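Beneath this line is the structure, given in C-alpha cells, with notes to follow.
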Amino acid sequence: MSQSAEKVLDHFDLFRQPEYVEMFEDKKSNFEAPHPQEKITEVIEWTKTWDYREKNFAREALTVNPAKACQPLGAVFAAVGFEGTMPFVHGSQGCVAYYRSHFSRHFKEPSSCVSSSMTEDAAVFGGLNNMIDGLANTYSMYKPKMIAVSTTCMAEVIGDDLNAFIKTSKEKGSVPEEYDVPFAHTPAFVGSHITGYDNAMKGILAHFWDGKAGTVPALERKPNNKINFLGGFDGYTVGNLREVKRIFNMMGIEYTILGDNSDVWDTPADGEFRMYDGGTTLEDAANSIHAKATISMQEYCTEKTLPFIAEHGQEVVALNHPIGVEATDKFIMEVARLTGATIPDELSKERGRLVDAIADSNAHIHGKKFAIYGDPDMCLGLAAFLLELGGEPTHVLATNGNKEWAEKVQALFDASPFGKNCHVYAGKDLWHMRSLLFTEPVDFLIGNTYGKYLMRDTGTPLIRIGFPVFDRHHKHRYPVWGYQGTMNVLVWILDAIFEQIDRNTIVPAKTDYSFDIIR
Amino acid sequence: MSLSVEEVKARNKELIQDVLSVYPEKTAKRRAKHLGTYEEGKPDCGVKSNIKSIPGVMTIRGCAYAGSKGVVWGPIKDMIHISHGPVGCGQYSWAARRNYYIGTTGVDTFVTMQFTSDFQEKDIVFGGDKKLEKIIDEIQDLFPLNKGISVQSECPIGLIGDDIEAVSKKKSKEYNGKTIVPVRCEGFRGVSQSLGHHIANDAIRDWVFDKPATQEMKFESTPYDVAIIGDYNIGGDAWSSRILLEEMGLRVIAQWSGDGSLAELENTPKAKLNVLHCYRSMNYISRHMEEKYGIPWVEYNFFGPSKIEESLRNIAAHFDDKIKENAEKVIEKYKALMQAVIDKYRPRLEGKKVMLFVGGLRPRHVIGAYEDLGMEVIGTGYEFGHNDDYQRTTHYVKDGTLIYDDVTGYEFEQFVEKLQPDLVASGIKEKYVFQKMGFPFRQMHSWDYSGPYHGFDGFAIFARDMDMAINNPIWSKTKAPWK
C-alpha cells in the first residue's frame, strides 16, 4: 500500500506504484488478448513512414482528430456578445450541453445557453411546440433582453422553419410581439463553427437592420463617422476585444464592437453570478447600420456578414487575424484611413517596442521550422508573423480551410524567402498532421490543446495558441492582436524555444556546458 | 441555529413554491412534480423522473449519443468508435471524460481520439451508408490493430433512413466476422443520456454476446471470477477498485468499460458474479447476463470507508469462507490509513453542508463518503435518474433532504442561494456559476481532473480534495473590503 494521509497520492503518482504496475501487467496479459509487442512496435514504426503518410493522405471518407467544431457553437459564441442575450438552440438538447461544457472548459467561465429539447415526437411532427414553449420559458425564467435562435442538425434535417416558428410563437404569446428574436439556420453538416459565427452574426444584424423579420420598416442608413468591428470566432476574445477597445480609444475614434463577449466570459467572483454582462447594446447593434465602414479581423468568419454589410452601403475591410508588425500596421492604418483619425504617438511607440523586442530575440527564431494548425484566419495570421520573424511555417493546416484559403496561404509563402519550403493543407486533420510531423519534422508545433497528443507521439514541442485551450489556464485573458498582443505571441514562442534549449542541455557532464544562464 | 426537521421541510416547501413562481403556469405544473423533500419512511423521494426536459429551461442533461459513445462504448479501448454524423458531437466529447486506459494510442488503443464521418450536406441528401463502408475500409487500412468498430449514431442517421445495421453486417462478413457494432443512439432518442446507456447495453448484447467470439485467448475459469460493471475508470476509479477485489482473492476478468477491451466483453459471460457500480448505466446488461447466463449481480459502493467495507462484505457473501476472511483482512489492512485520513480531514470538514447534482449513481453513492468526513448532504438530485434510483436513494438521504430531479439552471441557483451550503458538487456547466456566487465547488463527473475517488486509495484523494475546495483561503476574499 503506497497511499498515505500524510502525502496523498492521486492519479499522477498513485498508479506508478508497484502494486498498480503489477496489476496492469496482469490485466493485460491475462484478459485483454493483446497483440504481441513486436507487432505493436512494427505498426508504431510503420505509422512514421512515407508509406503510411501516402495511405493516410489517400483517405476520402474518414476524418480523424479534426481541428474544427460545428456551426451552432459559433452561433452561440456570436450571440452571447450582445447585451442580455440568451442563445437558444433549436433541436436536440445534448448539443447545448456540449457547447456549454466546451466553452466553460476553455474560458473557465459559466456559459449560459438553452435548448428547445426536441425528442422523437418532435422529429416526427416538427419542433414548433418546442419553440413556443421554449421561448416562453426562457423569457420568463432568465429575463433576457434578446433571444438569439440557431439550430442543431436535427432541426435542420427535418426542415424546421425558424422564421415561421418564431412568428407563430409570438402570436401564441411566448414573447411580446416587439421582442427581439433574431435567428440563423446553422446546420452542423455545412462548414464549421466559423460558419456558424458568420450566420448568427448576419442573422442578428439582418434582424435589426432589415425590419425585424418584416414586423417593422427596415432601417434607413444615415452614414456617420463610426466604424464597426467584428472579431470573428476567437478563443482570445476576452483579451483581444479589450485590447482593440484600448487601441480605438487611444485613437479617439467612435466605434461599435459587434458581438462583444469579452465581459460575459470574464465576470468577477464577488458573490454574484452574472448570467449576462456587457455586450453590444441592442441599440448599438441597430445603429451599426449607419457606420461608415466595418472591419473584420477574420475574413473566413465573416464571408456572409461582410457582403451583407457592404450591400447596405458600408465599406468593408477583411483582415486575416493580424499578428505581427506588418499585419498590425495594416490594421491600424486601415482604421486610421476609414475614420480619418491620426495614429497617436503612443501607438507608434508600442510599435517601436515590438520591433525592438523582435530585434532582441529573432536570432532564436530565425530559420526554425514550425507546423501550424487552427482556424483559417489564425493560420494566416500566425504564418505571416513567423515569416516576419525569419521562421518557416513549414506545415500550415486548417481542417475548415478551403481551396481559396490555401491559395492565399501559398501567396503568403511565395512572397517571402522563408516560405520557400512551406506547404499548406486545406481540409486535412490532425492525423494527417501526425504523418507530416513524422516524415517532415519541424522544430515546434503551434495549435490548440489537442496538439498535445501530437507532441506525445512525435516529440514536437507544442506552443498552445488556438481554441480550445483546456489544459492551460487563463491564456484567453491575453490579447494576441495589436502590437501588445503580438508581443504576447512572441513571448510564448520564445518561452517554448528557451525551454526546449534548456531541456536539451540539462544533462550534467554531458550537455550542460550549454546550460547557459544568459541567452 | 439549526432548524428542526419539520422546519426544514416547511422551508423547502416554501422555497419550491418560490422557485416555481417564475415559470409560466404549464411549466410550473410540470416542474412541481420533480421537486420535493424526502420524507422518512417513504419508498422513494417523492419526485417524478425520467421525463422529457422542458424546452428553454436550461436543463443540464445531455443526449443518447452522450450516453452511448460518451459513457458506455467510448472507454472500450481497443475498438474504434466512429461518431457517425456531423463533426460536433465527437469533437465536444473528445477525451473529455478522462476514461483512463493503458495502451499505445492510435496503434492498439483509441480512446482519446476522435473518429468521425464528418457529414456534409451531400451525405444528408444522398445518405451516408456508402461513406460508412469506405470509412470502415480506411480504418482497417490505417489502424490494422483495432479489435473492432462501433458506429455511434448522431441525430441525422435515424432521420435520413440510413441502414447502418446492413453496412455493419456486410463489412463484418467482408472482414472475417470482425466485430462491427451499429448503435442507434441518435441524440433525439429518449429524454436524456439514459436511453443511450440502454441502447448501448443492448448493442453489446446483440452484436458482441450473440456473435461468435473474435478474440482468441487462453481462458481457464476459476470459482472467483468477477466482472466490474459500470465503472468508467474516470481518473483511474476502476483501478483503485480492482485492486481491492484482487486483494480479497477475486479474479477480475473484465472491466466495463473503463480500460476495458473487446476480449473482456466477450469473456464476461464466464464470470461467477457481476459487481455493479453504476446501476443506472449498466443494470440492463447485468439483468441480461443474469437471465441468459445465470450470473448473479450485486450492487456495490466504493465511495468512503463505511460503504466500501459494507460493499466488500456484500461481495464476499457471494463466495466461500476464504473470500469472506480475505475481505475482513483487506478491511483491516486499510483501517489505519482510513483512520489517518479521517483524523486529518474530519476536523476541517465536520458539519459542513453539501448540495449535489450529478448523473448516474453519484447523487446517492457519494453521500456516505461525505458522512465519513462528518459532512452532511442537504440536497441532491439526478440528471437522468429513474424511479429505481430515487428508491435506492432513500437508503442514503436523511429526512428533510431537498430533492430536485433534472434541475434547471435557475432552480439550482435559487436553491443554493437559499440553502447556503458549504460546498456544491456538480458538473462543469455549474462549476463557475457557483464559484462566482462564492461557493466552493467540486466537479463530481470528472473529479475536477483529480481522482481516483473509488476505493480506499481514492478516499484519501476525495478527502483531500473536499478539504482544499472548502478551506481554500480565496473564499474569504470574494467581497471587497471597502464594500
Side-chain angles (χ1 to χ4, degrees), chain A residues 3 5 8 10-11 14-15 20 23-24 31-33 35 40 43-44 55-56 59-66 68-70 92-94 97-98 100-102 104-105 109-110 114 116-120 123 130 133-138 140-141 153-154 157-158 188-190 267 269-271 273, chain B residues 22 24 27 52-53 55-59 62-63 66 86-88 91-92 102 104 107-108 113-116 118-121 124 131 134-135 138 141 145 155-156 159 187-188 215 217 235-236 243 253 261 263-264 340-341 344 410 428-429 432-433 435-438 450-451 457 460-461 464 478:
Chain A
Q3 187 62 287
V8 174
D10 58 22
H11 60 91
L14 181 66
F15 299 126
Y20 280 100
M23 185 181 89
F24 297 151
F31 304 108
E32 294 180 4
H35 294 285
I40 295 169
V43 175
I44 291 174
K55 275 201 161 66
N56 191 8
R59 264 191 280 144
E60 288 174 359
L62 172 68
T63 299
V64 185
N65 298 353
K68 67 170 182 180
C70 68
S92 300
Q93 71 194 15
Y98 279 142
R100 296 180 66 206
S101 304
H102 208 65
S104 286
R105 287 173 178 139
E109 291 285 325
V114 295
S116 65
S117 294
M118 285 166 66
T119 53
E120 275 164 306
N130 298 67
D133 291 349
L135 287 177
N137 287 325
T138 302
S140 31
M141 292 172 74
C153 54
M154 177 205 184
V157 172
I158 64 173
F189 44 82
V190 176
T267 62
D270 60 358
F273 162 51
Chain B
V22 77
T27 307
K52 269 198 275 189
S53 300
V57 298
M58 212 179 304
T59 172
C63 64
V87 70
Q91 201 71 4
Y92 309 125
I102 290 169
T104 306
V107 176
D108 66 351
M113 294 176 71
Q114 139 62 335
F115 291 83
T116 173
D118 188 15
F119 260 35
Q120 301 299 304
E121 198 149 25
I124 300 287
K131 187 172 198 177
K134 194 158 211 175
I135 283 171
E138 290 177 355
D141 241 13
L145 301 187
C155 287
L159 300 171
F188 60 82
Q215 301 305 301
M217 61 180 290
I243 201 162
I253 65 164
S261 57
E264 289 167 72
V341 169
K344 181 172 176 183
Y410 175 82
I428 181 70
K429 303 192 288 300
Y432 302 105
V433 170
Q435 291 189 173
K436 304 279 178 194
M437 288 164 70
S450 175
D457 284 346
I461 305 164
R464 179 201 67 179
T478 52

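The figures that follow rest on heavy atoms only: side chains count, while hydrogens, waters and symmetry mates do not. These figures come from a predicted structure and were not determined experimentally. Below, read A as the first sequence line, B as the second, and so on, with proteins coming before strands; counting in each chain starts at 1.
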Task: B:T59 versus A:S117, closest heavy-atom pair with distance - done: CG2-OG, 4.1 Å
Task: Region of A:V157 in contact with chain B, defined by heavy-atom distances below 4.5 Å - done: side chain
Task: Non-neighbouring partners of A:K55 that pass salt bridge (Lys or Arg N to Asp or Glu O under 4.0 Å), sequence neighbours left out - done: none
Open item on the list: Apply side-chain contact (heavy atoms from CB on, under 4.5 Å) to residues A:E109 and B:K436 and explain how you reach the verdict.
Closed with: CA-CA 9 Å; A:E109 291 285 325; B:K436 304 279 178 194; 2.8 Å; yes
Open item on the list: Less than 4.5 Å to any heavy atom of chain A: does that hold for the side chain of B:D457, its backbone, both, or neither?
Closed with: both
Task: Contact class of B:K131 relative to chain A, heavy atoms under 4.5 angstrom - done: both
TODO: Would you mind telling me which of B:V341, B:D141, B:I135 has the largest number of heavy-atom pairs within less than 4.5 Å of chain A?
DONE: B:I135
- [ ] Starting at SG of B:C155, measure out to CE of A:M118 and round the result to the nearest 0.5 Å.
- [x] 9.0 Å
Task: Side-chain touch A:K68/B:D118, heavy atoms, less than 4.5 angstrom - done: yes
Task: Residue pair A:Q93 / B:S53: nearest heavy atoms and the distance that separates them - done: OE1-CB, 3.4 Å
- [ ] Just jot down the salt bridge (Lys or Arg N to Asp or Glu O under 4.0 Å) partners of B:E264, sequence neighbours excluded, or say none.
- [x] A:K27
TODO: Select one option (side chain, backbone, both, neither) describing which atoms of B:K344 are under 4.5 Å from chain A's heavy atoms.
DONE: side chain
Task: Minimum-distance pair of heavy atoms, taken over all atoms of A:Q3 and B:I461 - done: NE2-CG1, 3.8 Å
Open item on the list: So for B:I243, is it side chain, backbone, both, or neither that comes closer than 4.5 Å to the heavy atoms of chain A?
Closed with: both
Open item on the list: So which residue, B:C63, B:P86, B:G438, ends up with the most heavy-atom pairs under 4.5 Å with chain A?
Closed with: B:P86
Task: Contact class of A:L14 relative to chain B, heavy atoms under 4.5 angstrom - done: side chain
TODO: Would you check, one step at a time, whether the test side-chain contact (heavy atoms from CB on, under 4.5 Å) holds for B:Y432 with A:S104?
DONE: CA-CA 8 Å; B:Y432 302 105; A:S104 286; 4.2 Å; yes
- [ ] Could you tell me which portion of B:Q120 (side chain, backbone, both or neither) has an atom closer than 4.5 angstrom to a non-hydrogen atom of chain A?
- [x] both
Open item on the list: Below 4.5 Å, heavy-atom pairs only: which of B:V107, B:V22, B:V57 has the largest tally toward chain A?
Closed with: B:V57
Open item on the list: Quick one, B:V87 with A:T63, criterion side-chain contact (heavy atoms from CB on, under 4.5 Å). Give me CA distance, side-chain angles, the key distance, then yes/no.
Closed with: CA-CA 9 Å; B:V87 70; A:T63 299; 5.7 Å; no
Task: Heavy-atom pair with the smallest gap, counting every atom of A:F15 and B:G235 - done: CE1-O, 3.4 Å
Task: Closest-packed option against chain A by number of heavy-atom pairs under 4.5 Å, given B:P156, B:P24, B:A66 - done: B:P24
Open item on the list: I'd like to check B:T27 versus A:D133 (side-chain heavy atoms, cut-off strictly below 4.5 Å). Are they in contact?
Closed with: no
- [ ] Please look at B:T116 and chain A and tell me whether the side chain, the backbone, both or neither of the residue comes under 4.5 angstrom of a heavy atom of that chain.
- [x] both
Task: Side chain B:K52, main chain A:T119, donor-acceptor under 3.5 Å - done: no
Task: Side-chain donor or acceptor of B:Q91 paired with backbone N/O of A:P66 under 3.5 Å - done: yes
Task: Rounded distance [0.5 Å steps], CE in B:M58 versus OG1 in A:T138 - done: 7.5 Å
Task: Closest contact, heavy atoms only, A:S101 versus B:I428 - done: OG-CG2, 3.7 Å
Open item on the list: Looking at A:E60, is its backbone amide N or carbonyl O close enough to the side chain of B:E138 to form a donor-acceptor pair, meaning the two atoms are under 3.5 Å apart?
Closed with: yes
TODO: Please answer whether the main-chain N or O of B:D108 pairs with a side-chain N or O of A:H35 as donor and acceptor at a distance below 3.5 Å.
DONE: no
Task: Gap between atom CZ of A:R105 and atom NZ of B:K429 - 0.5 Å precision - done: 8.0 Å
Task: Atom group of A:S92 that falls short of 4.5 Å from chain B, counting heavy atoms - done: side chain
Open item on the list: Checking the side chain of A:N65 only, and the main-chain atoms of B:M113 only, is there a donor and an acceptor separated by less than 3.5 Å?
Closed with: no
TODO: Drop me the distance from B:Y410's OH to A:S140's OG, to the nearest 0.5 angstrom.
DONE: 10.0 Å
- [ ] Give the member of A:N130, A:V114, A:V64, A:N137 that has the highest number of heavy-atom pairs under 4.5 Å with chain B.
- [x] A:N137
Open item on the list: For a quick test of reading the model, state the closest non-hydrogen atom pair linking B:T478 to A:G271 and the distance between them.
Closed with: CB-N, 4.3 Å
TODO: Measure the spacing between CG of B:L159 and CD of A:E120 and express it to the nearest 0.5 Å.
DONE: 9.5 Å
